[in-house]
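Below you'll find the structure, written out as C-alpha cells, and then a few comments.
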Amino acid sequence: MKGALLNYFFLMKTIKELPNSMTDKFPKDKSAYFNFANFINVSTYSFIYNPFKKDKYKLHELIRNNYKEFIVEVSILFKAHMEDSDSIFIDGILFLYGLISTNTLMDYLYPYIKGIKKDSYNLDKALNYLDSYIAAKDNIDLTKKSLYELFPNAYTYYDSIEEFIRNPLIKCFRFMGSNSYYKKSYKRFHTACKNSNKRGRLWDYIFFDKLFHKKDKKEYLIYTKYEDLSLLNLKKEDYIVNGITYNTTFEEVLDKALELSLKRIHALNSYLFLEKKDQEFRLEFNIDKNKKL
C-alpha cells in the first residue's frame, strides 16, 4: 500500500513535536491525517484496477520530482486565503504539513530501502513490511484489520484542497483536470484500503499482475504476514547510497527525516505567520531571491 500507514505515522510524529498552541484546533479524527499524509501517492490508484488504461499524467511522479516548487506555489495561495475561515485554514495547513512530512520521509527512506535491499529491492514490498512493523507497535495486525477500518473517513477530496492546488498544478505542470482526476483517485484509494486485509484476493491480484504486466502491482494492495528484519538494519550493517557508506537503522533514518521535516515546517510557519520572515523558507525550498512571495 505504498507505505500508507508509515506516511500517516510520520505525519503524526511530526505534528506531536509542534507546540500545542498551534495544534489544539486540529481535528481529533485521525482519518484527516491519513488523508493528507497520503495525498502524494493517491493518484497512483487511479488506474490500478484498469488493465487497459494507463495514467498518462502521472501527477504523483510530477509532484514528487518537483515537490518543493509545488509546495511553494500552494503556500503562496494558502497565505492569501488562510484567514477566510477556520476550516479552510485547518485543511490547508494540514495539507501543507502532509506534503512536507511525506516527501521528506521519502527523501530519506526510499534511498535507505534501496541501499539495504540491493539486488532484491522492491519498494512496494518493503513499504508493506514497514507498514506492518509500525502497526504491530500499536498491536494492530494489518492482515486482520483493513486500512478502511482504521481510517473510515479518509477518502474525500476536499473542495478546499482543490482551491489550493488547482492553479499550482496549472502553473507547475500545465495540468487542468485536478477535480475529476483526484476525485477518481480517492475513490480508487478507498477501494484499495477497504480490501487491504482481504488475503483471499491475493492470488487473483498476482494473476492480474502477470497477465497484464502492470508496473504498479495489485499484489501489494494486500498486506501479508511476511517479515524481513533486514529492513530494520538492527545489526547496523553497512549500505551505500549515492556512493556514500552508511550503517544507520530504520529508526535512525526516521529520526533524521523528522529533524528535517520539522525544520521545513518551521520555515513554512515563519513565512506564513511572521511579517517579512521568508528567508528561511526561501533557503529550505530553494526559492529564487527575486521571486515574489
Side-chain angles (χ1 to χ4, degrees), residues 1-14 34 37-45 48 58 60-68 98-138 140-143 147 189 192-193 196 202 205-206 209 214-264:
M1 291 294 293
K2 300 189 179 298
L5 192 69
L6 187 56
N7 293 341
Y8 160 80
F9 162 82
F10 189 74
L11 173 59
M12 296 303 291
K13 190 175 175 120
T14 301
F34 185 76
N38 285 291
F39 173 83
I40 188 66
N41 279 332
V42 75
S43 67
T44 63
Y45 298 88
I48 203 165
K58 295 186 178 180
H60 61 286
E61 292 183 7
L62 288 174
I63 295 174
R64 172 67 191 139
N65 292 333
N66 304 275
Y67 74 83
K68 289 183 180 179
L99 283 176
I100 290 172
S101 68
T102 302
N103 278 289
T104 304
L105 175 63
M106 290 175 173
D107 285 347
Y108 279 87
L109 182 61
Y110 288 13
Y112 164 81
I113 292 173
K114 189 172 183 178
I116 286 290
K117 297 308 295 177
K118 301 185 178 72
D119 293 338
S120 60
Y121 171 66
N122 182 294
L123 181 61
D124 285 334
K125 183 176 182 179
L127 290 173
N128 269 18
Y129 172 69
L130 293 174
D131 268 4
S132 298
Y133 169 76
I134 291 296
K137 285 188 166 186
D138 286 335
I140 297 170
D141 184 344
L142 292 179
T143 67
L147 291 176
F189 184 49
C193 290
S196 65
L202 181 59
Y205 284 2
I206 291 174
D209 293 337
K214 296 287 284 186
K215 182 179 179 181
D216 289 319
K217 294 185 179 298
K218 288 176 68 176
E219 173 184 353
Y220 299 115
L221 297 179
I222 305 294
Y223 288 110
T224 56
K225 277 189 174 292
Y226 61 76
E227 294 184 356
D228 186 355
L229 291 177
S230 68
L231 275 168
L232 304 180
N233 201 26
L234 298 176
K235 295 182 179 180
K236 297 183 74 68
E237 300 283 349
D238 288 347
Y239 62 93
I240 298 174
V241 175
N242 296 325
I244 301 174
T245 300
Y246 298 89
N247 64 357
T248 46
T249 66
F250 167 68
E251 296 288 354
E252 288 171 341
V253 168
L254 291 186
D255 289 342
K256 288 180 179 296
L258 178 63
E259 183 179 351
L260 181 55
S261 180
L262 289 168
K263 186 178 180 182
R264 287 173 166 175

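Salt bridge Asp107/Arg264: present, at least one basic N to carboxylate O contact under 4.0 Å. The pair Asp124-Lys217 does not count as a salt bridge, with every side-chain nitrogen at least 4.0 angstrom from each carboxylate oxygen. The existence of a salt bridge linking Lys236 and Glu252 is confirmed by a sub-4.0 Å separation between a basic side-chain nitrogen and an acidic carboxylate oxygen. Between Asp228 and Lys117 there is a salt bridge, since at least one side-chain N of the basic residue sits less than 4.0 Å from a carboxylate O of the acidic one.
Few gaps surround NZ on Lys68; more than 12 heavy atoms of other groups in view lie less than 6.0 Å from it. Counting non-hydrogen atoms of other residues, nucleotides and ligands closer than 6.0 Å to NZ of Lys218 gives a total above 12.
Considering every non-hydrogen atom in both Ile113 and Ala126, the closest pair reads CG2-CB, 3.6 Å. Closest heavy-atom contact between Leu142 and Ala135: CG-CB, 3.7 Å. Contact record, Tyr112 with Thr248: CE1-O, 3.5 Å, taken as the closest heavy-atom pair. The minimum heavy-atom distance linking Tyr223 with Met1 is given by the pair OH-CB, 3.2 Å. Scanning both residues, Leu127 and Lys2, for their nearest heavy atoms gives CD1-C, 3.7 Å. Residue Ser101 comes nearest to Ser261 through the heavy atom pair CA-OG, 3.5 Å, listed as atom of the first residue, atom of the second, then distance.
By the 4.5 Å heavy-atom criterion applied to side chains, Phe34 and Cys193 are counted as neighbours. Looking at Val253 and Asn233, their side chains never come closer than 4.5 Å, going by heavy atoms from C-beta outward. Using a 4.5 Å heavy-atom threshold, the side chains of Phe9 and Leu254 count as touching. Inter-residue side-chain proximity for Leu123 and Tyr110 is flagged as met; some heavy-atom pair is nearer than 4.5 Å. Counting heavy atoms from C-beta outward, Leu232 and Thr249 have side chains that stay 4.5 Å or more apart. Proximity of Asn66 to Glu61: side-chain heavy atoms (C-beta onward) are nowhere separated by under 4.5 Å.
At distances below 3.5 Å, at least one donor-acceptor pair connects side-chain atoms of Arg64 with backbone N or O atoms of Asn103. Panel note: side chain Ser196, backbone Leu147; a donor-acceptor pair is recorded below 3.5 Å.
Distance check: Leu109 CG to Lys114 NZ gives 13.5 Å after rounding to the nearest 0.5 Å. The line from CG of Asn128 to CG of Asp131 is 6.0 Å long, rounded to the nearest 0.5 Å. Note that the CG atom of Asn242 and the CD1 atom of Ile244 stand 7.0 Å from one another [nearest 0.5 Å]. Here the CG-CD1 distance, from Leu105 to Ile100, works out to 13.5 Å after rounding to the nearest 0.5 Å. A distance of 10.0 Å separates CG in Leu62 from NZ in Lys58, rounded to the nearest 0.5 Å. With rounding to the nearest 0.5 angstrom, the CG atom of Leu202 is 6.5 Å from the CD1 atom of Ile222.
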Derivation and outcome, side-chain contact (heavy atoms from CB on, under 4.5 Å), residues Lys235 and Asn247: CA-CA 9 Å; Lys235 295 182 179 180; Asn247 64 357; over 6 Å; no
From CA spacing to verdict: side-chain contact (heavy atoms from CB on, under 4.5 Å), Tyr246, Asp238: CA-CA 5 Å; Tyr246 298 89; Asp238 288 347; over 6 Å; no
Test log, rule side chain to side chain donor-acceptor pair (under 3.5 Å), inputs Tyr8 and Asn38: CA-CA 7 Å; Tyr8 160 80; Asn38 285 291; over 6 Å; no
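In summary, of the residues considered (Leu5, Leu258, Thr102), a side chain to side chain contact (heavy atoms under 4.5 Å, CB included) with Phe10 occurs for Leu258 alone.
Ring-plane geometry between Phe250 and Tyr133 is classed as perpendicular, the angle between the planes exceeding 60 degrees on a 0 to 90 degree scale with a lower cut at 30.
Separation of the Tyr205 and Tyr220 ring centroids does not fall under the 6.0 Å cut-off.
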